[in-house]
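The structure under discussion appears below in the form of structure tokens.
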Amino acid sequence: MPFDLDATVQGALIALTGFAEAIAILVIGAGLLQNAFHIWQLIVAADALRRERGVVEARMLWRRYADSAPPIALLVPAYNEEMTIGESLRSLLALQYPSFEVVVVNDGSKDGTMEALKAAFDLRPAERAWEPIAPHAPIRGIYVAPNQPRLLVVDKENGGKADALNAAINLSRAPIVCSMDADSLLEPDALLRAVRPFVEDPERVVAVGGTVRIANGCEIRHGHVVKIGVPRNLVALVQTIEYLRAFLMARIAWSEMQALTIISGAFGLFRRSAVLEVGGYSLGTVGEDMELVIKLHKRARQEKRPYRVAFVHEPVCWTECPEDLQILGRQRARWHRGALETFFRHRDMLFNPRYGRLGFLGFGYILLVDVLGPFIELFGYLLIPAFWALGVLQTEYLLAFLAVSFAYGVVISVGALALEEVELRRFPNARSLVILLFAAIIENFGYRQINNIWRIRGTWQFVTKQHGWGAMTRKGFSPAAAPPAPK
Amino acid sequence: MSPYILIADDDPLLRAILEHKLEAAGYAVKSVEDGRAALEAAAEDIPGVVVLDAMMPVMDGFEALRRFKQDPRLADVAIIMLTALKREADIVSALKLGAADYVPKPFNPDELVARLDRLMSGLRGASA
Amino acid sequence: MTRTSSASASPGASEVSLLLAIWAIALVLMAMALSWMAALIVQRLVGARLQRRRVARRRAIEFALLAVMQGRADAALALRPYQDDPRLIAETLLDFLGVVRGRDRELVVEALEAIGVPGRLRRRLSTGAWPGRLAAAEALAAFPGPETEAALRRLADRSPEARLTALEALARAGGQVSVDQLLDAASQGDLRLTGRFAEFLREQAAADPAGASLALARDDLAPELRILVLDALGGSGDYNAITVLAENARRPEPLVRAAAVRALGRLQHPAGQTAIAAGLDDPDAEVRAAAAEAAGEARLPKLAEALYGRLSDDAWRVRFQAAASLGRLGEPGLERLRTAAALSEPAPQRAASLTLAELGVV
């Protein structure tokens with residue numbers, strides 16, 4: 001019966017419309033919450049940066065802090081770094097800091113890393129009194145360099161980055177330890193800048209994160225960034241914006257809220273005793289750097305101890321990012337898996353009043369953005385345009401969806417770039433700003449969506465408990481790989 | 001050419017001050033920004049005395065000092081460490097590595113010139 | 001485009017306007033962000049010239065100061081054009097003072113005094129952006145005198161950060177800053193307990209150990225402050241402090257006892273032995289570790305037997321410090337380390353053998 005059929009279709013359409021609207025409201029609502037939070041972070045970060053206006057010159061820092069700066073141990077895990085380890089260590093040993101030691105751990109490299117170290121520094125076997133507090137794979141030997149009293153080399157069996165860092169922490173003696181990657185490029189005054197919170201608030205500060213920036217496109221000589229540039233590769237260019245957003249906006253804001261949960265593995269300072277108290281890095285996780293920070297928070301909050309996880313916004317560390325989508329995808333899937341692992345391992349902290357802001361804001365954010373976010377976003381991209389095309393969703397919904405998926409993203413990316421320019425002004429000229437502005441706009445159309453797919457892949461790996469590391473092929477910071485120096 | 005004084009320091013202001021003072025004292029001076037550049041300059045034209053900063057990018061003063069002492073052609077060049085590091089351990093390790101003298105920053109330029117005079121005159125006496 | 005809404009249940013008017021508002025706000029914010037960035041790019045083009053100018057001005061000041069150091073009488077006149085930028089002068093001067101002292105320093109300071117720089121720096125203390133004010137305060141340390149002192153004391157009434165900078169400059173300019181005054185300010189929260197403050201307090205206490213010892217007699221002193229003063233006394237080399245340190249080694253707070261014992265070790269006087277020996281048997285592991293360290297630091301061979309006992313301590317830090325100190329006591333210490341290295345108990349055996357290996361004497 002035509003009338004009845006019509007009524008059935010009519011009924012189905014109404015039901016479908018209701019369903020479509022419900023999906024749309026969920027997607028728009030979640031997107032709006034996330035964007036509003038990011039814009040708020042942008043404002044908080046801008047305010048924090050304004051308060052600390054004016055980057056202090058290194059010489060001024062030296063004058064103010066040289067006498068009161070505590071000794072620092074740089075922990076350098078090295079795995080198959082034969083080509084670059086000598087150069088990296090020389091630039092580390094030339095850092096400006098009154099008192100530091102460099103503890104290099106050869107994590108059972110399969111190449112000639114250990115031989116390269118022995119040759120470069122004329123290493124001699126040595127002994128050192130130490131206690132195995134944080135767990136790690138067996139140590140094969142300890143070496144010192146007769147002419148470099150600051151250097152200690154540990155040769156151990158392979159166990160991964162967290163394992164190597166644990167060995168380095170056990171063997172170090174300075175009250176502050178600095179975790180880093182063997183190929184992190186530190187600014188000469190990085191330690192002097194990053195130690196500030198420890199000097200100014202010695203009682204409470206347990207960890208300090210530093211800003212990591214993208215070295216691609218910069219001119220690098222002998223392990224130092226000598227001239228800042230903008231990457232020519234599009235994949236690296238959008239990551240430059242991404243890092244600005246992550247460090248300049250998000251982490252400053254999180255630390256202002258006393259809920260900073262991530263300190264990049266490429267550069268972070270920790271109070272050694274606090275790290276040992278929680279047993280060092282957890283082995284067998286992918287996101288060991290995030291996990292450690294959560295453990296520090298957790299311990300201090302459980303004991304109701306006043307503490308701080310601080311952040312320094314000035315660029316202190318440069319790192320090479322992947323320029324290839326496939327490699328980047330593997331890296332991001334791994335990062336996402338790490339975030340999920342940490343979240344579920346410490347899920348008891350979620351909305352737990354005992355952990356204050358950290359439980360509500362910090363963990364709530366991870367739940368919304370990392371755990372549920374990728375799926376809500378995917379739903380949005382697939383369903384909302386389809387519903388609209390089918391005619392079951394009003395144009396207004398589509399517009400609001402476009403706003404939360406793209407327009408606010410542009411606002412936040414451009415805002416982070418503007419913040420960099422107002423407060424730090426590290427990019428060399430107006431031309432590079434134009435290129436970055438372009439990147440800040442287009443990364444919202446395409447890159448963010450691809451990133452979402454990687455995060456879903458990471459979730460899949462987490463759920464299916466896939467192990468193994470995405471290999472990151474690095475170009476190495478040899479002079480040949482760096483762009484030619486202008487003569 | 002009479003031996004010159006080689007200065008390695010990453011602080012342009014310090015280089016300018018030393019250049020001015022030492023030239024006024026009648027010395028030929030050459031200055032570079034880091035330890036590696038100092039070794040290169042010294043290999044090209046052996047200096048009479050080297051004034052080395054400790055904390056420099058690329059290659060620090062201690063490493064440069066060690067390499068000077070290892071190079072048979074440069075091992076006899078007198079080296080003065082001029083640095084903001086004041087810890088005793090640093091002073092001891094510099095002297096152990098073969099530094100002729102250790103002058104902490106801030107330094108008295110007249111005093112540095114006097115120390116250089118002594119080292120440079122010893123040099124002339126030896127070669128005469 | 002027109003949508004047929006015959007099928008869709010049309011959403012309520014308020015919903016529509018909310019959705020449109022989300023869209024409209026996004027467009028407005030996007031326009032704002034883009035125009036902000038555009039303005040910054042234009043500003044950058046202009047700013048590059050200003051920056052070059054500032055660098056050139058700084059070079060000119062440096063050049064004039066170099067000429068002053070050469071003793072050229074007219075050189076100071078070249079500084080006049082920059083007098084209206086006290087921050088630039090202050091920063092350049094601070095860089096100079098960080099490098100040179102002696103007659104050259106005096107020449108530079110005199111030349112700047114001659115053209116009235118101190119007065120301008122003092123006025124800069126009360127106006128303008130804070131980094132400039134703090135730079136001016138630091139630079140004023142080079143121009144001591146009653147006026148500078150008064151100006152710095154006025155600045156010291158501002159924020160805790162400014163207060164510390166001002167007091168540091170004051171002390172460097174030869175003004176009176178007593179340990180008591182610092183402790184009072186810190187107790188009242190007028191100075192924050194930062195590492196920089198700690199260093200300053202240490203300097204002042206080391207310069208006036210008698211005053212510092214007296215300050216410890218105050219019973220209301222917060223433990224953190226007491227620890228800093230004890231630490232400073234340890235570095236002062238003043239043997240009169242031994243009595244006060246020994247008294248503090250019996251206070252109820254473990255961290256204070258540890259600090260007192262450590263300070264006694266650093267004084268390296270045999271009179272500290274009784275207090276250090278008592279510390280080795282303290283119920284708190286932190287104090288035992290400090291005492292073990294102090295016994296080695298003060299080279300007290302009479303404590304070798306007590307240190308040997310600590311090699312079996314429950315706390316690793318104590319075992320490690322005891323072994324390290326035995327290594328510093330010469331033959332009596334080494335002998336006990338060798339004995340311990342041959343033991344079958346794992347804890348003292350490990351501590352002793354690792355220390356012997358590290359010392360290179362097996």
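Every chain is numbered from 1 and lettered A, B, ... according to where its sequence line falls, protein lines coming before strand lines.
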Chain C heavy atoms under 4.5 Å from Leu437(A): which part of the residue, side chain, backbone, both or neither?
-> side chain
Heavy-atom contact with chain C under 4.5 Å, split by part of Arg431(A) | neither
Enclosure of Arg328(C) CZ (heavy-atom neighbours >12, cutoff 6.0 Å) = yes
Check whether Arg319(C) gets within reach of chain A through its side chain, its backbone, both or neither, counting any heavy atom under 4.5 Å.
-> side chain
Option in Gly47(C), Ala38(C), Ala33(C) with maximal non-hydrogen atom pairs under 4.5 Å from chain A = Ala33(C)
To the nearest 0.5 Å, what is the distance between CD1 (Ile25(C)) and CG (Asn35(A))?
-> 12.0 Å
Mind listing the closest non-hydrogen atom pair of Val414(A) and Met37(C) along with its distance?
-> CG1-CB, 3.8 Å
Contact origin within Glu421(A) toward chain C - heavy atom pairs under 4.5 Å | side chain
Tell me, side chain or backbone of Pro428(A) under 4.5 Å from chain C's heavy atoms, or both, or neither?
-> backbone
State, to 0.1 Å, how close Trp36(C) and Gly415(A) come at their nearest heavy-atom pair, and which atoms those are.
-> CZ3-O, 4.3 Å
Proximity breakdown for Val9(A) and chain C, heavy-atom pairs closer than 4.5 Å | neither
Hey, what do you get for CG (Leu19(C)) to CD1 (Ile25(A)), rounding to the nearest 0.5 Å?
-> 7.5 Å
Comparing Leu354(C), Leu20(C), Leu45(C) against chain A, the one with the most heavy-atom pairs below 4.5 Å turns out to be Leu354(C)
Look up atom CD1 in Ile41(C) and atom CG in Leu417(A), then write down how far apart they are to the nearest 0.5 Å.
-> 7.5 Å
Would you mind reporting whether Leu40(C) and Val422(A) have side-chain heavy atoms less than 4.5 Å apart?
-> yes
Looking only at heavy atoms, the pair that brings Trp130(A) and Arg350(C) closest together is O-NH2, 2.6 Å
If you take all heavy atoms of Leu29(C) and Tyr408(A), which pair is closest and at what distance?
-> CD1-CE2, 3.8 Å
Under 4.5 Å to a heavy atom of chain C? For Ile39(A) that would be side chain
Based on non-hydrogen pairs under 4.5 Å, which of Gly18(A), Ala400(A), Ala126(A) is most in contact with chain C?
-> Ala400(A)
For Phe445(A), does the CZ atom sit with more than 12 other heavy atoms under 6.0 Å from it, leaving out its own atoms?
-> yes
Between CG on residue Leu32(A) and CD1 on residue Ile22(C), distance to nearest 0.5 Å = 4.5 Å
Could you grab the distance from atom CD of Glu15(C) to atom CD of Glu396(A), nearest 0.5 Å is fine?
-> 10.5 Å
Considering non-hydrogen atoms only, spot the tightest contact between Arg44(C) and Ala430(A) and give its length.
-> CG-N, 3.9 Å
Do Leu34(C) and Ile441(A) come close enough that some side-chain heavy atom pair is under 4.5 Å?
-> yes
